[in-house]
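To keep things clear, I will list the structure first and then write my remarks on it.
All figures in this text were calculated on a predicted structure; none of them were measured in a lab.
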Amino acid sequence: MQKTFIETKQRPFSIPNKRWVMTQTWNHLLFCHWPIEEEIIRPLIPAQLELDKFAGETWLGVIPFQVTEMRIHGLPKPPYIHNYIELNIRTYVTYKGTPGIYFLTLDADKWLAVLGGKIGALLPYRKAEMELKEEDHFIQFRSKPIEANQQGSLAIQYRPTSQPYSPIAGSLENWLFERYCFFTTLHNKVLRGDIHHSHWIVSKAEAEVSRSNFGKLNANKHIRHEKYSKIPLQFHSSQEGLFHYVRKKQAFMWKLKLANSEK
């Protein structure tokens with residue numbers, strides 16, 4: 001048994017009883033979080049989902065990282081696609097009391113990763129020119145969508161500033177990190193993608209965010225309703241954000257299922 005599967009106390013619900021279908025290792029993760037007004041984010045969330053709040057506030061997450069060692073259960077890692085860069089922009093939701101993640105948009109630097117995310121997970125991936133590298137004791141990250149009509153260029157310089165630690169149960173950090181599924185929708189049905197990993201051990205980080213005006217983010221393309229039009233999501237000051245760094249984390253994923261199904 002994988003050592004990761006022995007550690008489950010941090011989960012708010014049990015691990016799926018079917019075998020996982022894919023594993024990835026996430027590297028040089030930066031968790032950027034900003035509180036965001038509910039009236040801005042609510043129109044981007046399917047009506048079936050409830051915004052999750054901590055102390056009355058909703059939160060927006062921006063997370064760049066590099067994926068390595070990606071492979072399907074029982075198979076060796078494939079050439080080319082096992083390693084790519086990703087950026088996800090997300091918020092936090094519940095469905096019938098189950099906490100999870102809702103992805104507003106995701107960037108990846110390889111077409112196969114984009115297509116796999118769109119088809120296999122029904123997530124709003126887009127192709128971007130991306131770079132993530134270590135330079136002068138910082139991680140340098142940039143992302144720029146390749147389609148001319150898409151906004152969302154981003155550049156971040158970041159590094160850890162503390163020793164790694166475990167967020168305290170009941171804290172905002174713990175609430176933000178310990179999420180073990182995401183939700184998406186198709187034909188008005190809510191689908192859930194389960195994930196598992198060991199509990200988060202993080203470091204505080206400093207980050208300089210530039211070109212951070214994402215202009216107007218597209219709503220999830222699986223939502224078909226005029227109210228999910230393009231809505232501005234802007235964030236500027238590093239003083240207003242929370243920044244955390246994680247060097248490496250292996251994660252396991254299961255195939256999508258109906259959110260109200262335990263099978």
Heavy-atom pair of closest approach, residues V246 and F31: CG2-CE1, 4.0 Å
Pairwise distance CZ(R179) to CD(Q10) - rounded to 0.5 angstrom: 14.0 Å
Mutual orientation of the aromatic rings belonging to W26 and W200 [parallel < 30°, tilted 30-60°, perpendicular > 60°]: parallel
Electrostatic pair K9-E7, nearest N-O below 4.0 angstrom: no
CA sep, side-chain torsions, deciding dist, call: K257, D194, side-chain contact (heavy atoms from CB on, under 4.5 Å): CA-CA 9 Å; K257 66 179 183 181; D194 283 283; 3.4 Å; yes
Side-chain donor-acceptor pairs of residues 163-172 under 3.5 Å, sequence neighbours excluded:
residue	atom	partner	partner atom	Å
Y165	OH	E173	OE2	2.4
Y165	OH	K204	NZ	3.3
S166	OG	H199	NE2	3.1
S171	OG	I168	O	2.6
S171	OG	N174	N	3.2

F243 versus A207, closest heavy-atom pair with distance: CD2-CB, 3.6 Å
Distance (rounded to the nearest 0.5 Å) between Y245 OH and S162 OG: 12.0 Å
Partners meeting salt bridge (charged side-chain N to carboxylate O under 4.0 Å, His left out) with E69 (sequence neighbours left out): K77
Closest contact, heavy atoms only, P43 versus E38: CD-O, 4.3 Å
Single-linkage hydrophobic cluster I156~V202, side-chain heavy atoms < 4.5 angstrom: no
Heavy-atom donor-acceptor pair, R71 side chain to P76 backbone, under 3.5 Å: no
Pairwise side-chain contact, Y92 with I101, heavy-atom cut-off 4.5 Å (strictly under): yes
With Q140 via side chain to side chain donor-acceptor pair (under 3.5 Å) - residues at least two apart: Q157
Sub-4.5 Å side-chain heavy-atom contact between M70 and T23: no
Partner set under salt bridge (charged side-chain N to carboxylate O under 4.0 Å, His left out) for E134, not counting sequence neighbours: none
Y158 (side chain) donor-acceptor with H28 (main chain) under 3.5 angstrom: yes
Under-4.0 Å salt bridge between R142 and E131: yes
Distance flag, aromatic centroids of F177 and H244, threshold under 6.0 Å: yes
In one Ile/Leu/Val/Met/Phe/Trp/Tyr side-chain cluster, 4.5 Å: W34, L51: yes
Test applied, side chain to side chain contact (heavy atoms under 4.5 Å, CB included); reference residue, F65; option that passes from T25, L30, L29: L29
Between CD1 on residue I201 and CZ on residue R247, distance to nearest 0.5 Å: 14.5 Å
Hydrophobic cluster identity match, M253 and Y125, side-chain contacts under 4.5 Å: no
Under the side chain to side chain donor-acceptor pair (under 3.5 Å) test, residues paired with T91 that sit two or more places apart: none
Backbone N/O of N188 and side chain of Q48: donor-acceptor pair under 3.5 Å: yes
Heavy-atom closest contact (P124 atom, F103 atom, distance): CG-O, 3.9 Å
Note, H73 side chain near F252 side chain (heavy atom, < 4.5 Å): no
Gap between atom CG of L87 and atom NZ of K144 - 0.5 Å precision: 15.5 Å
Single-linkage hydrophobic cluster, 4.5 Å side-chain cutoff, L191 and I195 together: no
Pairwise salt bridge (Lys or Arg N to Asp or Glu O under 4.0 Å) hits with a residue in residues 90-104, at least two apart: none
From N88 atom CG to L104 atom CG, the distance as rounded to the nearest 0.5 Å: 9.5 Å
Minimum-distance pair of heavy atoms, taken over all atoms of R11 and P16: NH2-CD, 4.3 Å
Contacts of type side chain to side chain contact (heavy atoms under 4.5 Å, CB included), residue K189, not counting sequence neighbours: L258
Derivation of the side-chain contact (heavy atoms from CB on, under 4.5 Å) call for Y102 and L44: CA-CA 10 Å; Y102 184 77; L44 291 174; 5.6 Å; no
side-chain contact (heavy atoms from CB on, under 4.5 Å) assessment of W111 paired with I146: CA-CA 11 Å; W111 274 115; I146 63 169; 3.4 Å; yes
Sequence neighbours excluded - salt bridge (Lys or Arg N to Asp or Glu O under 4.0 Å) pairs with any residue from residues 153-171: R159-E206
Side chain to side chain donor-acceptor pair (under 3.5 Å) partners of Y84, counting only residues at least two apart: Q24
Beyond-backbone contact of L122 with L256, side-chain heavy atoms, under 4.5 angstrom: yes
For L112, all residues meeting side chain to side chain contact (heavy atoms under 4.5 Å, CB included), sequence neighbours excluded: Y80, I81
Residues which pass side chain to side chain contact (heavy atoms under 4.5 Å, CB included) with A128, listed by chain and number, not counting sequence neighbours: D107, M130, S143
Cluster overlap L154 with I63, hydrophobic side-chain contacts below 4.5 Å: no
Pair E37 + R42, salt bridge at N-O below 4.0 Å: no
Sub-4.5 Å side-chain heavy-atom contact between F183 and T98: yes
Listed partners of V21 passing side chain to side chain contact (heavy atoms under 4.5 Å, CB included), at least two apart: K255
Y180-H197 aromatic ring centre distance below 6.0 Å: yes
Note, K249 side chain near S198 side chain (heavy atom, < 4.5 Å): yes
CD-OG1 distance between E50 and T94, expressed to the nearest 0.5 angstrom: 5.5 Å
Side-chain (K110) to main-chain (N83) donor-acceptor, under 3.5 angstrom: yes
Heavy-atom side-chain proximity of H196 to F5 below 4.5 angstrom: yes
Chi angles and distances behind the side-chain contact (heavy atoms from CB on, under 4.5 Å) call for L60, I40: CA-CA 11 Å; L60 178 74; I40 293 177; over 6 Å; no
Within-4.5 Å side-chain heavy-atom neighbours: F13 and C181: yes
